[in-house]
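First comes the structure, then the notes that go with it.
The structure presented is a predicted model; accordingly, all values stated were derived computationally and were not measured.
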There are 2 protein chains.
Amino acid sequence: MKKKTTIYDIAKELNITVSTVSRALSGFPAISDATRQLVVETAKRLNYSPNKLASALKSGKTFIVGVIVPSVEAHFFASIIHSIEEGLKDSGYRIILYQSKESLVNEVNGVRTLLEAQVDGIMASMSLETDDVSHFEEIIAQNKPLVLFDRVNKQLRVPTITLNDYQAGYMATQYLIDQGYKNIAFITTVHQIKIFNDRLKGYKDAIRDNKLPFSEDNIILGGLSIKDGRYGAAKLLRSENRPDAIVAGDDFTALGVIKKLKEIDETPPKIGVIGFANEAFSAYITPSLSTVDQHPGEMGKACAEMFLQMAGQLNPYDSIRNIVLEPTIVERQSTGNTDAKD
Amino acid sequence: MKKKTTIYDIAKELNITVSTVSRALSGFPAISDATRQLVVETAKRLNYSPNKLASALKSGKTFIVGVIVPSVEAHFFASIIHSIEEGLKDSGYRIILYQSKESLVNEVNGVRTLLEAQVDGIMASMSLETDDVSHFEEIIAQNKPLVLFDRVNKQLRVPTITLNDYQAGYMATQYLIDQGYKNIAFITTVHQIKIFNDRLKGYKDAIRDNKLPFSEDNIILGGLSIKDGRYGAAKLLRSENRPDAIVAGDDFTALGVIKKLKEIDETPPKIGVIGFANEAFSAYITPSLSTVDQHPGEMGKACAEMFLQMAGQLNPYDSIRNIVLEPTIVERQSTGNTDAKD
DNA sequence: ATGAAAGCGCTAACAC
DNA sequence: GTGTTAGCGCTTTCAT
């Protein structure tokens, strides 16, 4: 491997100094056009490639932002990452990805790793296990932008981009009621994550506002997965006060519910089912799954904008904004929408 | 923001020199246990966090490997990334992700960006547009490990991890023939990507080996997407020599095909359909989609191992191995498997 | 077992 | 408009 060309090589070649080269290359104004031209040409000729590491070490800016998500395998997060990249690319920032795999330990390591890599800021959506948030404090202490999205925590005084999850829970429930269902169950996670609690609260309020009877038996606390959906549905169906509709914590869980219902010939919309997230498969299963769209595209875009704004000011935490996006119901066959298109 | 602690602060605190601190922290053997202990303690007390940038600049190793994929939104690639991370984590390497979005320009930029970030190596799966591969040469020129997976190119003398795509095409076709289908069509991309050409070749050979008539009309060249699937199916159905089964270039395309077939009441397995990739939704649509499993988990694992092996030797390109994984047919309802479980 | 010192490639005062 | 120079935080060779 031949040694890589540095600005010193270019300087030597042209009998000028490195500062001139550096300035010419970085668009410094007070440089004669002739010199700049020459430098750029020579750089190209020598196949020069800047060492961003050295630049970052000196300037203190890496132009890399760390993104922590539970998993890229969930379409919702993949979508967000996609739009974060989109929103960031014009500004020269790049992303380094870290997956927590829903584990607090991994998340803590992720923050440390990213900080050691000297990222300019971090965007994160917390793992289901995350009860303690002190690992995030260090980012704030370093005065680097931290933007939390979707799965956030109110103990942290940082900007957040979230869905109106209370509204999402309320809307999903109200929508089922509007469709004529009267005894609505709710499957969610045991974990004390704000968004899931909010949704549950929305559900409860919708039940109450519509003067429907509320029963604790209608609330299933467990995990969120296809298996958990099956299991939750089975449990609800054994109940003497059998529900006629189910709100599932996410689309995977809803899928499990549908599987179970089909097996016992209660195929939705006989028993109504609605999920959350509008996953890639939700439109394509049979019956197609009604769901609450959480607008990952907008969320990612908002994250990027928020970060750029924070990165632009001396003190990123001067004015903390909490952006709340409104959810949308996607009406499909699992709640009786017969002309659902795909 | 208070200044961050460096090894100088630790050295000053203990009245020793930075070299000792550095050695103590990096597990250098010839250090007294007492000193090491003291250093570690002080580091902790002062809330020291190593600056990996500085370390990387000096040592020439960033312990970051760049991964370029068309998109994380495809479950196949998300899976691969997941297992690459898994395979790499014990070695201390981390991933920086770059999405080409199926664009050659983006891919070229990706390579440059990653190289400027001084990654220790790159793993890539090429975009559909990639016809010229010279941007990858630079990685090899720098003697850094380049591992190509899935969508590879034979012009590049680098290690590859691929599926036996010829076999995949052959198996899918043979499987349809075994199921009793006799006039089998094939929808694929116009792009001259090796894996798609190989599959097509497998398809043709299977047709020939089974002494079935071959017709150019049965081959649809277009894009790969739900829309392209619908379109391709529509075109095939208008043909006077209407096929009774369709091999679709990927599961999304197959989904489009199924949509179309359902509309005209030729719901699979009436006309058989098989896809490639075993996407997240494939098991859950109706009818469930038979597909060729490409084993992303194994592929990612192999990528990680290959990279680590290359990174471990002085000349990474001493012995170039090309690993070929064997595909597996997943039999579901779209080809007549009635007891397909979910 | 520890210290001294050079330098990785680049930036940015400060000079002129 | 260009040169000089001092680091950014760390590793590592060469001493001792």
- Which class fits the ring pair A/Phe307 and A/Tyr93: parallel under 30°, tilted 30 to 60°, perpendicular over 60°? perpendicular

- Is any NZ, NE, NH1 or NH2 atom of the basic residue among B/Lys89 and B/Glu85 found under 4.0 Å from an Asp or Glu carboxylate oxygen of the other? no

- What integer distance in Å separates B/Asn15:CG from C/dA1:P? 21 Å

- Message: Can you tell me whether the side chain of A/Arg36 and the base of D/dG1 have a donor-acceptor pair closer than 3.5 Å?
- Response: no

- Query: Touch check for A/Ile16, heavy atoms < 4.0 angstrom, all strands: base, sugar-phosphate only, or nothing?
  - Reply: sugar-phosphate

- Does B/Thr17 have a side-chain nitrogen or oxygen under 4.0 Å from the phosphate oxygens OP1 or OP2 of C/dG3? yes

- Nearest-Å distance, CZ (A/Arg23) to P (C/dA12)? 10 Å

- State whether the distance check finds a donor on one side and an acceptor on the other, under 3.5 Å, for side chain A/Lys58 versus base D/dG7. yes

- Hey, does A/Ser26 reach any base, or is it just sugar-phosphate, or nothing, if we go heavy atoms under 4.0 Å? nothing

- Query: Whole-Å distance between D/dC10 P and B/Ile10 CD1?
  - Reply: 8 Å

- Do B/Ser59 side-chain and D/dT12 base share a donor-acceptor contact under 3.5 Å? no

- Message: Do B/Ile10 and B/Thr5 make a side-chain contact, defined as non-hydrogen atoms from C-beta onward lying under 4.5 Å apart?
- Response: no

- Let me know the distance between OH of A/Tyr48 and P of C/dG9, rounded to the nearest Å. 10 Å

- Query: Would you say the base of C/dA4 and the side-chain of B/Ser19 have a donor-acceptor pair closer than 3.5 Å?
  - Reply: yes

- Task: Say whether B/Thr62 and B/Asp120, considering side chains only, have a donor N or O and an acceptor N or O under 3.5 Å apart.
- Result: yes

- Item | N or O in side chain of A/Thr20 less than 4.0 angstrom from D/dG1 OP1/OP2 | no

- Measure from CD on A/Gln142 to P on D/dG9 and round the result to the nearest Å. 12 Å

- Item | Sole residue of A/Ile122, A/Asn109, A/Val69 in side chain to side chain contact (heavy atoms under 4.5 Å, CB included) with A/Tyr98 | A/Asn109

- Message: What I want to check is whether an N or O donor and acceptor connect the side chain of A/Lys4 with the base of C/dG9 at under 3.5 Å.
- Response: no

- Taken to the nearest whole Å, CZ/A/Phe63 to P/C/dC10 is 16 Å

- Task: Nearest whole angstrom, please: distance from the P of C/dG9 to the CG of B/Leu57.
- Result: 7 Å

- Message: How many whole angstroms separate atom CG of B/Leu25 from atom P of D/dG9?
- Response: 15 Å

- Under 4.0 angstrom, heavy atoms only, what part of the nucleic acid is B/Ser22 near: base, sugar-phosphate, or nothing? base

